[in-house]
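Written out below as structure tokens is the structure these notes cover.
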Amino acid sequence: MAARRDLYDVLGVARGADADAIRTSYRALARKFHPDLNQGRSEAEDRFKEVAEAYAVLSDAEKRSLYDEFGAISLDAGFNAEAARGSRRFGGGFAQPGAEAFGFNIDDVLGGMFGGRGRGRPSAASFGGEDVEVTLELEFLEAARGATRQINVMRPGRDGRPQPERVTVRIPPGVDDGGRIRIPGKGAESRAGGPAGDLFAKIRIRPNAIFRREGRDLLLDLPVTVSEATLGARVEIPTLDGTATVTIPPGSDSGRRLRLRGKGIADPKGDARGDLYVTVQIRVPVGLDPDARAKLEALAAFDPPGIRKEWES
């Protein structure tokens, strides 16, 4: 039996490649060697299956970990990682079948690793379907609070023809713009009878008229009147959890930031929420009548002196 090629070489990626690099390389090679585009070329079909096998292993964190630890032997039917590790403890490594190691036949160990079955390549059922990616636009508050959406997806069937399907996407609170949500088994069906690929929903978040975000922190501009900024005030503001009251200290200038701890964006991984930062924005009065203007001019006597002194040369 011919030796298996290194799976990383099959996909043309480095051993330390991340999931995105592996997926990108797989998709390019799968398109290049797809049987529909290479009819009558058996070598292309073989290459397509080889690429699919490599991706099925390297896209699965557990299978990839075993492959990195044991190599091609981990791909054989019935492979038992614990038995394999035990053989290392006894023999310091894998011996060739039939060899003796410390007084026992290594074939007995290998038989335990593979459940007594012969060694061979994975069946065609290991060739999974391709992943499918769609773009999902969310309102800002949907992404921040979490939601459940129903989306229509065209999933390639076993014959390659797209089939419409309505898929439920559960959006975790705090998902960010550009993030991706994985829906297992909702990608393309496998032509070889293996598992279907996954569906990835790439998130695009529409801007919000009130809130902005920086990482896990939420930002809000708070319009206040001259009197509120000068004398201080308690003002109700919107938050993701309803309304909250913020205290504006007397003498607050425009640009002053007030912090509400734990009122920001949730972390999908379960870490602490960010904070809400409220920025004071003073709104000056307009449309003054003569009497109001006179009163405002009287207040000019209380303006702080030298507010632009640092500009003087």
Side-chain angles (χ1 to χ4, degrees), residues 135-149 169-181 201-312:
T135 298
L136 177 57
E137 286 198 359
L138 300 176
E139 297 296 340
F140 186 94
L141 294 181
E142 283 183 304
R145 293 170 175 164
T148 299
R149 290 279 296 270
V169 182
R170 291 177 176 81
I171 302 150
V175 65
D176 204 351
D177 188 73
R180 300 199 314 162
I181 298 174
K202 189 171 185 178
I203 302 301
R204 288 286 177 261
I205 301 176
R206 300 187 187 102
N208 185 269
I210 298 174
F211 297 111
R212 305 184 307 280
R213 69 180 287 178
E214 288 183 357
R216 297 285 162 220
D217 292 330
L218 199 59
L219 311 179
L220 179 149
D221 290 335
L222 176 61
V224 300
T225 65
V226 172
S227 60
E228 287 174 330
T230 304
L231 303 176
R234 288 173 58 81
V235 180
E236 279 197 350
I237 62 169
T239 73
L240 297 180
D241 310 310
T243 59
T245 301
V246 63
T247 299
I248 304 188
S252 292
D253 286 327
S254 271
R256 181 166 190 168
R257 298 183 84 191
L258 310 172
R259 180 182 185 185
L260 281 72
R261 294 182 181 273
K263 291 294 185 181
I265 301 291
D267 188 334
K269 298 178 181 178
D271 291 341
R273 286 176 61 170
D275 300 327
L276 170 59
Y277 287 92
V278 178
T279 301
V280 172
Q281 300 287 347
I282 299 175
R283 299 289 187 262
V284 300
V286 296
L288 300 178
D289 59 28
D291 183 55
R293 184 180 181 86
K295 291 178 180 177
L296 188 58
E297 289 173 346
L299 287 176
F302 299 95
D303 287 345
I307 61 172
R308 289 178 288 277
K309 186 176 182 180
E310 65 274 13
W311 293 0
E312 298 175 3

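For this chain, numbers begin at 1 and follow the sequence in order.
Taking a 6.0 Å sphere around CD of Gln281, one finds it holds more than 12 heavy atoms contributed by other residues, nucleotides or ligands.
Listed by chain and residue number, Leu288, Asp289 satisfy the side-chain contact (heavy atoms from CB on, under 4.5 Å) test with Ala292 (two or more places apart in sequence, or in another chain). Listed by chain and residue number, nothing satisfies the side-chain contact (heavy atoms from CB on, under 4.5 Å) test with Asp253 (two or more places apart in sequence, or in another chain). Listed by chain and number, the residues in a side-chain contact (heavy atoms from CB on, under 4.5 Å) with Pro238 are Ile210, Phe211, Leu220 (sequence neighbours excluded).
For the pair Ile203/Asp176, no side-chain contact is recorded, criterion being any heavy-atom separation below 4.5 Å from C-beta on. Side-chain contact between Leu222 and Ile248 is present, with at least one heavy-atom pair separated by less than 4.5 Å. For the pair Ile237 and Leu260, the minimum side-chain heavy-atom distance is below 4.5 Å. Counting heavy atoms from C-beta on, the side chains of Asp241 and Lys263 come closer than 4.5 Å.
A donor-acceptor distance shorter than 3.5 angstrom exists from the side chain of Arg216 to the backbone of Ala266, with no hydrogens or angles considered.
Of the charged side-chain nitrogens involved, none lies within less than 4.0 Å of a carboxylate oxygen, so that Arg257 and Asp275 do not count as a salt-bridged pair. Between Arg213 and Asp177, no side-chain nitrogen of the basic residue sits less than 4.0 Å from a carboxylate oxygen of the acidic one, so the salt-bridge criterion is not met.
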N/O donor-acceptor pairs under 3.5 Å from side chains in residues 136-147, not counting sequence neighbours:
unit_1: Glu137; atom_1: OE1; unit_2: Arg206; atom_2: NE; d: 3.2
unit_1: Glu137; atom_1: OE1; unit_2: Arg206; atom_2: NH2; d: 3.2
unit_1: Glu139; atom_1: OE2; unit_2: Arg206; atom_2: NH1; d: 2.8
unit_1: Glu142; atom_1: OE1; unit_2: Glu139; atom_2: N; d: 2.9
unit_1: Glu142; atom_1: OE1; unit_2: Arg149; atom_2: NH1; d: 3.1
unit_1: Glu142; atom_1: OE2; unit_2: Arg149; atom_2: NH1; d: 3.4
unit_1: Arg145; atom_1: NE; unit_2: Leu240; atom_2: O; d: 3.1
unit_1: Arg145; atom_1: NH2; unit_2: Leu240; atom_2: O; d: 3.4

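Heavy atoms only, all atoms of each residue included: Gly264 and Leu218 are closest at CA-CB, 4.0 Å. Heavy-atom minimum distance, Thr239 versus Ala244: CG2-CB, 3.8 Å. Contact detail for Thr279 and Gly255: the closest heavy-atom pair is CG2-CA, 3.8 Å. Of all non-hydrogen atoms in Ile181 and Pro172, the two that sit nearest each other are CD1-CD, 3.8 Å. Minimum interatomic distance between Val224 and Ala229 (heavy atoms only, all atoms of both residues): CG2-CB, 4.1 Å.
Pairs engaging residues 296-307 under the salt bridge (charged side-chain N to carboxylate O under 4.0 Å, His left out) rule: Arg293-Glu297 [sequence neighbours left out]. Within the structure, the salt bridge (charged side-chain N to carboxylate O under 4.0 Å, His left out) test picks out the following pairs touching residues 217-236 (sequence neighbours left out): Arg212-Asp221.
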